[in-house]
Each structure stands twice: as C-alpha cells, then as structure tokens.
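Residue numbers start at 1 and run along the sequence shown. Order of appearance sets the numbers: ligands from 1, and atoms from 1 within every ligand. For the numbers below, each heavy atom of this structure counts, side chains included, while hydrogens, waters and symmetry mates do not.
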Amino acid sequence: MTPKVMRSLRGELLEQEPLARHTSWRVGGPARRFYRPADAADLVEFLARLDPEEPLLWLGLGSNLLVDDVGFPGTVIQTQGCLVRLERLGQRGIYTESGVSCAKVARFAARHDLVGGEFLAGIPGTMGGALAMNAGAWGGETWGQVVRVRTVDRTGQVRERLPADFVVGYRDVVGPPGEWFLDAELVLAPGDGKAGMARIRELLDRRAETQPIGLPSCGSVFRNPPGDHAARLIEAEGLKGHRIGGAQVSEKHANFIINTGQASAADIRELIDLVQHRVEQATGVRLVPEVKRIAGDHP
Ligand SMILES: Cc1cc2nc3c(=O)[nH]c(=O)nc-3n(C[C@H](O)[C@H](O)[C@H](O)COP(=O)(O)OP(=O)(O)OC[C@H]3O[C@@H](n4cnc5c(N)ncnc54)[C@H](O)[C@@H]3O)c2cc1C
C-alpha cells in the first residue's frame, strides 16, 4: 500500500500492512492501519486525534509477538526506527527512547565506559519491548537499570513515572493501565568499556552455541516455571523436532519454536498448545507462555 502522509502529522500511515514483515516469527496478517511516527511529539499528536474506540497495538521489533493470521483490526504504532534518540546523561546515565534496540543501548553503554547493561546485547528487541516485558538474560533484567520512564496514554497525555509505579516481575510488568513507554532513563555503573565489549561478545557467542539464532523464532516461548527450565520439561517429553505444519520445536533449544519457512500463526499456536498440554499431562506443570498473542478479535 502506498504510504500516506496525514495532514499536519509528519509520520507515515500505512493501510493493510502485513505484520509478518514486522515480527521475528515472520507470521501475522495485516494491520488495518500502521503508523510510523516522525518523532515523540508527532506520536503524541497522532494519539490525541485517535478515535477513543480504536484498538491499539504498540510494536517494537516484534520479537515477542504471535500475531494471528487474520491480522490486527486496529492501529499499530511502530517505535522501531521512529523513537530513536539515545544520549548520555551525566556521569552514569543513559537516556533512550523506546524504539532504540537493546543491542544499541548495550554497545552505547560500553562505549561510554558504563557497565551492567551487557546482557541487553543479545535481546533482539527495542527498549520499549524490554520495558514492557522486563526482558532479561544472564542474570540481568531491564528494570534493574531504570530510574525513570515517560509514558503516554491514548489521548496523548505524557507522564513521568518512577519504578515504584510498576509491579515488576519475571518477564512481567504491570503498570498504570492504558499507558505505553515513550522513553527511559537508565543508570549504570562506571567501569571498563573494553571489558564491557568483551563481555558482550562472550554472551553473544554463548547464545549462538545454545540457541537457533538466525532462524525465525520468538526466543523462549514459555517462562521458566519456578525452580525448573521449560526447555528441560519439553525435551523430557521427546518434543524436540516435533512439527505442526511449518512450525517446529527447535532441535537446538526445546523452548524455541521456529518457523521452518511456511508456518502460519495457526501452526505455531497449535504447537504451543500441544507442548503445553503434553508437559502438563506428564508433569502437572502448566507452562505459561512468555510470548504475547495478538488475536484477530483483539478488543
Ligand atoms: C532469538 C531471540 C532471543 C530472545 N532472547 C531473549 C532473552 O534472552 N531475554 C528476554 O527477555 N527476551 C528474549 N527474547 C524475546 C524478545 O526479544 C523480548 O521480549 C523483547 O523485549 C521484545 O521486544 P520487542 O521490541 O521486539 O517487543 P515486541 O515483540 O514488539 O512487543 C512485545 C510486547 O511489548 C509491547 N510493547 C512494545 N513496545 C512498547 C512500548 N513502547 N510501550 C509499551 N509496550 C510496548 C508490545 O505491545 C507487546 O505486548 C528473544 C527473542 C528472540 C527472537
């Protein structure tokens, strides 16, 4: 569809944009409308004009989203490539807008001799997605570094919020309803940037050894249950390599489901349900999906 420029808005509005182009599983039908704001001010203006009934979905890099094959019957707001300001703040701080990739923040920090953010390097999402999910790896978690965020609601009202305004758990964040992340201020420890870069390379190498990097996936499909690993439980059921249509439980990491080429969202959903069912039948443990499913009948 040809991009439209909305009067006095500076962003780009697409119609019927296939979401498979914007999700790491490479599945998902079209969004009725898809907005790429020019910057934060433009986004605020867009939201202020939005129909209060319009279903809204915020999208970073789509690395934790399972969008149904029928698509999304509302407006998708894309932050990646749009909200991209990244700056040093004082001695230990970093200001990042929500569309900046986690990898970029990790490297930026190391280049400025700030350490503690190396774990972000291998998370293939945006900072907005990382804030929404409390993304983490190798013992680090996004909210461990956050001192302040700004949110925006669907009327375009911007608010400054503190970590105390959110209940932050394992891959789970509950905040004031109807607010999304515009930007964040992080505080890291002063340290040796060269050692930080070396740590980043080491963590990326470890990922490449254990995860099917490069194949379309959403990372870990299920949260780890308390005291155990979802991958261990799935592997113990002999489900590695199990396929439904084009979706397959990875041979390399049992908590990853990969799109072997032609998977539909329905194939992936069925495989998630099957894994959940088989593990629960055998062990009594009901695995909880970490990925966010966006249903075609999304309210
Ligand atoms: C190969 C691979 C490895 C991965 N490894 C890890 C890992 O080690 N640790 C980990 O935690 N995750 C991992 N993930 C999952 C994923 O990268 C993270 O959950 C990431 O934080 C999602 O960011 P995103 O920008 O892609 O968000 P999206 O997938 O676009 O969105 C995820 C959720 O966040 C919401 N959201 C997005 N932007 C905003 C915003 N600005 N304000 C409010 N809500 C927003 C969306 O609406 C959605 O509900 C991995 C994924 C892949 C594909």
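For G62, a nitrogen or oxygen atom sits less than 3.5 Å from a nitrogen or oxygen atom of ligand 1, counting backbone and side chain alike. The shortest N or O to N or O distance between Q211 and ligand 1 is not under 3.5 Å. Close N/O approach between L61 and ligand 1 is found [any backbone or side-chain N/O within under 3.5 Å]. Not one N or O of S217 is nearer than 3.5 Å to an N or O of ligand 1, by distance alone. Distances between N or O atoms of G60 and those of ligand 1 include at least one value under 3.5 Å. Not a single N or O atom of A135, backbone or side chain, sits closer than 3.5 Å to an N or O atom of ligand 1. Checked against a 3.5 angstrom limit, the closest N/O atoms of S220 and ligand 1 fall outside it. Of the N or O atoms in R207, one or more lie within a sub-3.5 Å distance of an N or O in ligand 1. Considering backbone and side-chain N/O of S63, one or more are found under 3.5 Å from N/O of ligand 1. Polar contact with ligand 1: present for G136 (N/O pair, distance under 3.5 Å).
Legend: ring-ring contact (aromatic ring centres under 6.0 Å, His included) pairs involving residues 222-246, not counting sequence neighbours: none detected.
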Before you tell me yes or no, could you show the steps for L162 and R148 under side chain to side chain contact (heavy atoms under 4.5 Å, CB included), namely the whole-Å CA-CA distance, both residues' side-chain angles and the distance that decides it to 0.1 Å? CA-CA 5 Å; L162 298 173; R148 195 171 292 120; 4.3 Å; yes
What do the steps show when you test Q211 against K252 for side chain to side chain contact (heavy atoms under 4.5 Å, CB included), and what is the final call? CA-CA 6 Å; Q211 299 179 0; K252 198 165 180 182; 6.0 Å; no
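Cluster note: L215 groups with I258 through ILVMFWY side-chain heavy atoms spaced under 4.5 Å, whether in direct contact or through intervening members.
Protein heavy atom in closest approach to atom 4 (C) of ligand 1: P124 CD, 3.6 Å. Nearest non-hydrogen protein atom to atom 13 (C) of ligand 1 is I123 CG2, 4.3 Å. Protein heavy atom in closest approach to atom 27 (O) of ligand 1: G129 CA, 3.6 Å. Counting protein heavy atoms only, atom 40 (C) of ligand 1 is closest to W58 CE3, 3.6 Å.
Atoms of ligand 1 lying under 4.0 Å from any heavy atom of G219, numbered from 1 in the order shown and given with element: 2 (C), 3 (C), 4 (C), 50 (C), 51 (C), 52 (C), 53 (C). Of all the atoms in ligand 1, the ones that sit under 4.0 Å from a non-hydrogen atom of A130 are 21 (O).
Residue contacts with ligand 1, taken as heavy atom pairs separated by less than 4.0 Å, involve A132 solely via side-chain atoms from C-beta onward. Counting heavy atoms closer than 4.0 Å to ligand 1, residue S98 contributes side-chain atoms (C-beta onward) but none from N, CA, C or O.
D69 places a side-chain N or O within donor-acceptor distance of the main-chain N or O of A265, the cut-off being under 3.5 Å. Counting only distance, with no hydrogens or angles, the side chain of R154 and the backbone of E54 share a donor-acceptor pair below 3.5 Å. The backbone N or O of Y170 lies less than 3.5 Å from no partner atom in the side chain of N134, so there is not a single donor-acceptor pair. Under a 3.5 Å cut-off, the side chain of N259 and the backbone N or O of P216 do not form any donor-acceptor pair. No donor-acceptor pair under 3.5 Å is formed between the side chain of R161 and the backbone N or O of A164.
Here the shortest heavy-atom distance to atom 12 (N) of ligand 1, taken over E290, M133, E97, belongs to E290.
Summarising the local packing, NZ of K104 is surrounded by 12 or fewer heavy atoms from other residues, nucleotides or ligands at distances under 6.0 Å.
One finds no salt bridge joining R85 and D39 here, because no Lys/Arg side-chain nitrogen approaches an Asp/Glu carboxylate oxygen to under 4.0 Å.
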